[in-house]
Amino acid sequence: MQTFTFDISGMTCGGCTSNVRQTVAKLDGVSDVEVALHPGIATATVDPSRVTPAQIEAAIKAIGFSAKLRAA
């Protein structure tokens, strides 16, 4: 398991964080997701053999937010 943190922009309320959390949680290989409105981050614990950071970014972008993997 590996943990990735993403900077998320465009979230304005608790509904936004919930939407991001649910979207990422549905991805195969994601075991845990935490999303914080301030400072606008999402942290996902994943099985890197089943899901990549790029797939997580794409899923977040598909629901209307901007996502970028934070450098380790």
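Quantities reported herein were computed from a predicted structural model and do not represent experimental measurements.
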Q: Would you mind checking if R70 and D7 are paired as a salt bridge, meaning a charged N to carboxylate O distance below 4.0 Å?
A: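 Judged by the 4.0 Å cut-off on N to carboxylate O distance, D7 and R70 do form a salt bridge.
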For a quick test of reading the model, state the closest non-hydrogen atom pair linking [X] to [Y] and the distance between them.
X: F6; Y: P53; result: CE2-O, 3.7 Å
X: E57; Y: L69; result: OE2-N, 2.7 Å
X: I8; Y: A67; result: CD1-CB, 3.8 Å

Only pairs under 3.5 Å count here: list side-chain donor-acceptor contacts from residues 11-18, not counting sequence neighbours, and write none if there are none.
unit_1 : atom_1 : unit_2 : atom_2 : d
T17    : OG1    : G14    : O      : 2.8
S18    : OG     : Q22    : NE2    : 3.3

Q) Measuring from I60:CD1 to K68:NZ, what's the distance to the nearest 0.5 Å? A)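 Going from the CD1 atom of I60 to the NZ atom of K68 covers 13.0 Å.
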Q: Hey, could you give me the CG/OG1 distance between L27 and T52, rounded to the nearest 0.5 Å?
A: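 Between atom CG of L27 and atom OG1 of T52 there are 9.5 Å.
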Q) Which pairs with one or both residues in residues 26-39 pass side chain to side chain donor-acceptor pair (under 3.5 Å), sequence neighbours excluded? A)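 Found D28-R50.
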Taking distance alone, no hydrogens or angles, what donor-acceptor pairs closer than 3.5 Å link side-chain atoms of residues 39-49 to residues at least two apart or in another chain?
unit_1 : atom_1 : unit_2 : atom_2 : d
T45    : OG1    : T3     : OG1    : 3.4
D47    : OD1    : S49    : N      : 3.0
D47    : OD1    : S49    : OG     : 2.7
D47    : OD2    : S49    : OG     : 3.4

